[in-house]
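We're numbering straight along the sequence, starting at 1.
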Amino acid sequence: MFWRFEMSCQDEANDHDHDHSHGHGGHNHSHDAEADTGLADSLHSQINIDETRCLNEQEAGSIKTVFKAWHDRLDTTQGVYSDADEELLVFVPFTSMVKLRSIYIWGGATGAAPSDVRVFANRDDLDFDTVGQCSPTQQWSLVAQAREPVEYPVRATKFSSVRSLVLHFPRNFGHDSTALYYLAFRGEWTRLTDAPVVSIYELNPRAADHKTPASESMGHHTIS
């Protein structure tokens with residue numbers, strides 16, 4: 001079942017946050033994901049990695065390499081690099097409904113690391129022509145010369161029902177190309193069913209619609 005959330009840029013105009021602060025290094029908590037990634041409440045297992053994509057990446061599909069296990073978070077041999085200019089536009093779909101708590105971002109300790117990020121919840125329709133015209137759900141100025149991934153807590157009320165994220169990295173700290181080596185997400189998730197459950201309540205039942213001992217004993221007759 002395909003879910004699509006639509007919101008115009010005008011609807012978002014007065015509903016966004018810019019956060020200069022940063023953190024450091026039923027609903028379900030993925031303990032299996034923690035064992036695999038080393039990150040508590042990791043949403044790694046809920047990322048549809050095969051469907052992730054990035055606009056303006058030098059090598060097609062390289063964005064998939066940034067969703068690493070925690071013990072590989074400092075690996076700079078695999079990552080994504082911008083091509084024509086500094087901008088990157090990253091699309092991250094989830095396989096469940098996510099209540100996001102924080103985002104981990106790292107582009108290395110050089111000037112190629114992204115300096116800003118603008119995050120949009122449930123906006124798969126964006127591209128470079130439209131992203132600059134829309135207000136993000138939340139945005140941050142990123143830490144310069146970070147030696148490891150930095151955790152950026154989100155405003156939980158704005159990320160309580162997330163099916164996908166778009167991360168716009170508009171610039172870096174002075175390099176010709178932007179580098180991104182690690183992306184991770186923490187939070188809770190709720191499994192989605194393939195189809196909605198519909199309940200029908202009969203207010204005035206008709207006798208013909210219900211079996212009775214008498215009708216069952218009569219059997220079925222076909223008139224040709």
Side-chain angles (χ1 to χ4, degrees), residues 9 12 16-20 22-23 25 37 39 43-44 47-70 72-94 100 102-152 154 159 162-186:
C9 298
E12 293 179 322
H16 68 279
D17 293 279
H18 188 183
D19 197 336
H20 290 274
H22 59 274
T37 67
L39 183 64
L43 293 172
H44 186 273
I47 301 172
N48 189 349
I49 294 179
D50 288 341
E51 297 299 322
T52 57
R53 57 191 176 94
C54 180
L55 302 186
N56 197 38
E57 59 183 352
Q58 284 184 17
E59 182 179 347
S62 57
I63 187 60
K64 295 173 174 58
T65 67
V66 306
F67 304 103
K68 300 179 174 77
W70 182 251
D72 291 327
R73 64 192 182 280
L74 302 182
D75 178 13
T76 58
T77 63
Q78 290 186 311
V80 62
Y81 304 90
S82 65
D83 189 14
D85 53 27
E86 301 174 43
E87 282 190 276
L88 290 171
L89 194 61
V90 180
F91 297 80
V92 184
F94 296 100
L100 192 65
S102 63
I103 303 174
Y104 281 82
I105 301 172
W106 191 57
T110 71
S115 60
D116 302 270
V117 65
R118 307 169 71 237
V119 180
F120 302 81
N122 304 320
R123 287 301 307 266
D124 296 335
D125 58 317
L126 296 175
D127 55 28
F128 284 127
D129 291 331
T130 58
V131 69
Q133 304 169 18
C134 294
S135 298
T137 311
Q138 192 169 349
Q139 60 184 335
W140 293 266
S141 297
L142 304 181
V143 177
Q145 298 180 328
R147 297 291 178 180
E148 61 182 11
V150 177
E151 181 180 19
Y152 299 88
V154 306
F159 293 90
V162 177
R163 282 301 315 275
S164 64
L165 292 173
V166 176
L167 293 87
H168 178 216
F169 300 95
R171 62 189 67 86
N172 57 40
F173 290 101
H175 202 274
D176 291 337
S177 177
T178 296
L180 186 64
Y181 298 116
Y182 185 79
L183 271 180
F185 308 94
R186 294 181 63 235

Answer yes or no: is there a donor N or O on one side and an acceptor on the other, between the side chain of Lys68 and the main chain of Tyr181, under 3.5 Å?
yes

Phe173 side chain near Thr110 side chain, heavy-atom distance below 4.5 Å:
no

Distance in Å, Thr65 OG1 paired with Leu180 CG, rounded so as to fall on 0.5 Å steps:
8.5 Å

In this structure, CG of Leu183 is separated from CD1 of Ile63 (nearest 0.5 Å) by 6.0 Å

Quiz question: by atom type and distance under 3.5 Å, do the side chains of Tyr81 and Gln58 form a donor-acceptor pair?
no

Tell me, do Asn48 and Asp50 make a side-chain contact under 4.5 Å, heavy atoms counted?
yes

Cys54 pairs by side-chain contact (heavy atoms from CB on, under 4.5 Å) with which of Val66, Val92, Val90?
Val90

Could you go through Leu142 and Ser115, starting from their C-alpha distance and side-chain angles, then the distance that decides it, and tell me whether this counts as side chain to side chain contact (heavy atoms under 4.5 Å, CB included)?
CA-CA 5 Å; Leu142 304 181; Ser115 60; 5.6 Å; no

Given side-chain hydrogen bond (donor to acceptor under 3.5 Å, both in side chains), test His168 with Gln139 step by step and report yes or no.
CA-CA 9 Å; His168 178 216; Gln139 60 184 335; over 6 Å; no

Which atom of Glu148 lies closest to which atom of Trp106, heavy atoms considered:
O-CD1, 3.2 Å

How close do Tyr152 and Val143 get, counting heavy atoms only, and between which atoms?
OH-N, 3.0 Å

Is there a side-chain contact between Val150 and Trp140 (heavy atoms, below 4.5 Å)?
no

Decide whether Asp124 and Ser164 meet the rule of one side-chain donor and one side-chain acceptor closer than 3.5 Å.
yes

Check against side chain to side chain contact (heavy atoms under 4.5 Å, CB included), Thr137 and Phe159
CA-CA 8 Å; Thr137 311; Phe159 293 90; 3.6 Å; yes

Run the side chain to side chain contact (heavy atoms under 4.5 Å, CB included) check on Phe120 and Leu165 step by step: do they pass?
CA-CA 6 Å; Phe120 302 81; Leu165 292 173; over 6 Å; no

Do Phe185 and Phe94 have their ring centres less than 6.0 Å from each other?
yes

Testing the basics here: between Leu167 and Val119, what is the closest heavy-atom pair and its distance to 0.1 Å?
CG-CG2, 4.2 Å

Judged by atom type as modelled, is there a donor-acceptor pair below 3.5 Å linking the side chain of His44 to the main-chain atoms of Phe67?
yes

State whether a side-chain donor-acceptor pair under 3.5 Å links Glu86 with His175.
no

For Val80 and Ser62 the tightest heavy-atom approach is CG2-OG, 3.4 Å

Least distance between heavy atoms, Gly108 atom then Ala113 atom:
O-CB, 3.5 Å

Closest non-hydrogen contact found for Arg186 with Leu100 is O-CD1, 3.6 Å

Any ion pair linking Asp116 and Arg118 (charged N to carboxylate O, less than 4.0 Å)?
no

Look at the side chain of Thr178 and the backbone N and O of Glu87, then say whether any donor-acceptor pair between them is shorter than 3.5 Å.
no

Walk me through it: do Phe91 and Leu55 pass the test side chain to side chain contact (heavy atoms under 4.5 Å, CB included)?
CA-CA 9 Å; Phe91 297 80; Leu55 302 186; 3.9 Å; yes

One should read off an interatomic distance between Gln78 CD and Lys64 NZ, to the nearest 0.5 angstrom, of 13.0 Å

Decide yes or no for Tyr182 and Ile105: does some side-chain heavy atom of the first lie under 4.5 Å from some side-chain heavy atom of the second?
no

Check whether any side-chain heavy atom of Leu89 lies under 4.5 Å from a side-chain heavy atom of Val166, and answer yes or no.
yes

Are side-chain heavy atoms of Asp83 and Ser177 found at a separation under 4.5 Å?
no

